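So the structure is just underneath, and the comments pick up after that.
Sequence lines set the chain letters: A, B, ... in the order given, protein chains first and strands last, and positions in each chain run from 1. In what follows, every heavy atom counts, from backbone to side chain, and hydrogens, waters and symmetry copies are set aside. Being a predicted model, the structure only gives us computed values, none of them experimental.
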Number of protein chains: 2
Amino acid sequence: MRQDARENRERILAAAEQVFGTHGEAGSTEEVARLAGVGIATVFRHFPAKETLIEATLVRHFTGLLDRTRAAAAAPDPTAALTALIRDLIKHGATKLTLASMLGAAPPPAVVAAAGQVKAGVDAVLRRAQATGEIRQDVGVDELYLLIRALTQTTTVSPAPPAVLDRAIDVILAGFATGKGAGR
Amino acid sequence: MRQDARENRERILAAAEQVFGTHGEAGSTEEVARLAGVGIATVFRHFPAKETLIEATLVRHFTGLLDRTRAAAAAPDPTAALTALIRDLIKHGATKLTLASMLGAAPPPAVVAAAGQVKAGVDAVLRRAQATGEIRQDVGVDELYLLIRALTQTTTVSPAPPAVLDRAIDVILAGFATGKGAGR
DNA sequence: GGGTTAGCGAAGTCCGGACTCCGTTTACGC
DNA sequence: GCGTAAACGGAGTCCGGACTTCGCTAACCC
């Protein structure tokens with residue numbers, strides 16, 4: 001592959017993350033092309049269909065999340081690492097997880113695999129924190145991941161004031177701490 | 001207004017809630033018409049633009065939520081009422097709150113008003129529960145409403161297993177209970 | 001029960017966005 | 001530098017979905 005082609009591909013993916021992240025799948029391919037500074041034909045040469053472009057954008061995005069998750073797994077204090085990871089995923093890393101809802105019921109295997117790796121990474125961080133006894137044992141990564149996804153998605157669609165989001169995350173963290181049975 | 005017109009209007013709104021709730025704003029007007037058992041022109045006669053239809057659907061929906069909220073405000077045990085309301089809004093009542101994200105940055109005043117009433121209703125229930133001392137004082141309705149919206153939206157877009165959702169709600173409820181400072 | 005008119009549905013028009021064609025440009029090996 | 005083929009961009013085509021038109025149907029009033 002020629003070097004300019006490689007560069008364009010990267011610029012298209014970056015533009016796509018921006019556009020689809022902001023407008024959801026309603027974002028148009030032409031907008032992506034304009035933002036990337038290329039012609040629309042170039043977009044379709046690299047990604048034969050809009051769906052392909054979305055898929056590649058998602059995989060790229062999840063790969064970025066995976067890096068953050070890996071870093072958390074290696075941090076010294078397990079519980080602090082977990083809470084920091086939760087904040088991190090919700091506030092910075094996962095800005096465009098909304099994308100995940102764009103493929104509906106049948107996401108392509110590559111995306112499922114990438115998302116699964118991230119979830120597995122979060123699971124590892126969670127278990128390590130549970131082992132310290134500071135985090136409840138009776139909840140698993142499914143619940144945590146659901147909550148992360150939910151807040152990420154919602155704040156992406158309609159941003160909440162940072163202070164509100166912070167306190168909402170506090171509530172979740174308090175709910176995950178030990179010292180209280182199942183809520184009710 | 002003639003009686004058949006009124007009936008059709010109601011059937012169209014019910015169909016719209018179904019269609020837009022399932023497919024988001026990607027749902028087509030034609031689909032709504034088919035589900036309502038009327039011609040597409042009838043839909044446009046009652047609601048001159050798709051946006052108008054969506055707006056009316058949202059107001060109708062929020063009105064339904066308001067009823068549930070009012071009922072909770074009148075229930076005997078404040079804390080039990082709050083937890084039940086949270087579950088209720090997330091699991092049954094708010095199935096299509098996703099719609100709320102459909103109008104983007106500038107929702108029509110009627111929708112804002114309807115949503116505001118619901119939020120005020122939730123606030124009343126929350127304050128009553130806080131007065132018992134069983135619910136943390138350092139969080140407000142903003143955080144609660146954000147979490148409800150988040151879970152509602154996410155589970156609408158990609159349903160989570162009921163057991164997972166239940167436990168996730170438990171975590172939130174535990175986070176709202178007193179007996180632990182701000183999470184961290 | 002008959003006239004009137006609000007209300008109806010099917011068959012359109014129109015537009016925006018996904019995708020293609022083709023003449024031109026430009027990176028890269030010699 | 002120059003030939004060549006990979007890569008490009010803009011001007012299309014095509015389709016699906018929002019909205020309109022118009023001849024017909026049937027509720028309501030008397």
Side-chain angles (χ1 to χ4, degrees), chain A residues 1-58 96 98-99 101-108 111, chain B residues 1-58 96 98-99 101-108 111:
Chain A
M1 194 194 279
R2 242 164 60 176
Q3 195 188 338
D4 55 347
R6 194 191 321 279
E7 284 170 11
N8 276 336
R9 191 192 146 91
E10 182 54 29
R11 258 188 299 165
I12 289 169
L13 278 176
E17 183 148 359
Q18 173 96 13
V19 170
F20 294 135
T22 308
H23 301 99
E25 65 183 324
S28 71
T29 313
E30 209 168 330
E31 171 86 13
V32 173
R34 202 175 326 121
L35 202 64
V38 301
I40 193 173
T42 301
V43 175
F44 280 96
R45 197 168 306 109
H46 284 284
F47 306 97
K50 187 183 185 180
E51 204 185 355
T52 318
L53 174 58
I54 293 176
E55 176 182 337
T57 306
L58 282 171
K96 278 106 192 178
T98 317
L99 292 167
S101 68
M102 286 166 45
L103 296 172
V111 174
Chain B
M1 195 195 280
R2 244 166 58 177
Q3 196 187 339
D4 55 346
R6 197 191 319 278
E7 283 170 12
N8 275 337
R9 192 192 145 91
E10 182 54 29
R11 256 188 300 165
I12 289 168
L13 278 176
E17 182 148 0
Q18 174 96 14
V19 170
F20 293 135
T22 308
H23 301 99
E25 66 183 323
S28 72
T29 313
E30 209 169 333
E31 171 86 12
V32 173
R34 202 177 323 122
L35 201 65
V38 302
I40 192 173
T42 301
V43 176
F44 280 96
R45 197 167 308 108
H46 284 285
F47 307 96
K50 187 182 185 180
E51 203 184 358
T52 318
L53 174 57
I54 293 177
E55 176 181 337
T57 307
L58 282 171
K96 278 105 193 179
T98 317
L99 293 169
S101 67
M102 285 166 45
L103 296 172
V111 174

Could you tell me how far apart [X] ([atom1]) and [N] ([atom2]) are, to the nearest whole angstrom?
X: B:E30; N: D:dA18; atom1: CD; atom2: C1'; answer: 10 Å
X: B:R34; N: C:dG9; atom1: CZ; atom2: C1'; answer: 14 Å
X: A:F20; N: C:dA18; atom1: CZ; atom2: C1'; answer: 11 Å
X: A:K50; N: C:dT20; atom1: NZ; atom2: C1'; answer: 17 Å
X: A:F44; N: D:dA7; atom1: CZ; atom2: C1'; answer: 17 Å
X: B:D4; N: D:dC24; atom1: CG; atom2: P; answer: 20 Å
X: A:L53; N: C:dG17; atom1: CG; atom2: C1'; answer: 14 Å
X: A:I40; N: C:dT20; atom1: CD1; atom2: C1'; answer: 10 Å

Item checked: Whichever of B:Q3 and B:G27 has its nearest DNA chain D nucleotide further upstream toward 5' ->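 This one resolves to B:G27.
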Using a cut-off of strictly less than 4.0 Å, decide whether [X] has a side-chain nitrogen or oxygen near OP1 or OP2 of [N].
X: B:N8; N: C:dC8; result: yes
X: A:T29; N: C:dA18; result: yes
X: B:H46; N: C:dC8; result: yes
X: A:T42; N: D:dG9; result: yes

Note to self: Can you identify which nucleotide, out of C:dG9, C:dA11, D:dA7, has its nearest atom closest to the A:A5 side chain?
What the structure shows: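 So the nucleotide nearest the side chain must be D:dA7.
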Check: Say you draw a straight line from CZ of B:F47 to CD1 of B:I12; how long is it, rounded to the nearest 0.5 Å?
Finding: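 These two atoms lie 6.0 Å from each other.
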Margin query: What's the separation between atom CZ in B:R45 and atom CG in B:N8, rounded to the nearest 0.5 Å?
Written below: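 Between B:R45 CZ and B:N8 CG, I get 9.5 Å after rounding to 0.5 Å.
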Margin query: Please determine whether the number of non-hydrogen atoms from other residues, nucleotides or ligands lying under 6.0 Å from atom CD of A:E7 exceeds 12.
Written below: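 Counting other residues, nucleotides and ligands, CD of A:E7 exceeds 12 neighbours.
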Check: So which one's nearest nucleotide on DNA chain C is more toward 5', A:S28 or A:R45?
Finding: A:S28
Next item on the list: Please figure out whether A:A41 or B:G39 has its closest DNA chain C nucleotide nearer the 5' end.
Entry: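 Upstream on the strand: B:G39.
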Checklist line | Donor-acceptor under 3.5 Å (A:K50 side chain, A:S28 main chain) | finding: no
Notebook entry, point to check: Is a side-chain N or O of B:T42 found less than 3.5 angstrom from the main chain of B:V38, in a donor-acceptor match?
Noted result: no
Margin query: Once hydrogens and angles are ignored, does a donor-acceptor distance under 3.5 Å link the base of C:dA6 to the side chain of B:R2?
Written below: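 Indeed, a donor on one side and an acceptor on the other fall under 3.5 Å apart.
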Next item on the list: Establish whether the base of C:dG7 is bridged to the side chain of B:R9 by a donor-acceptor pair shorter than 3.5 Å.
Entry: no
Check: Hey, does A:A33 reach any base, or is it just sugar-phosphate, or nothing, if we go heavy atoms under 4.0 Å?
Finding: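 Result for A:A33 = nothing.
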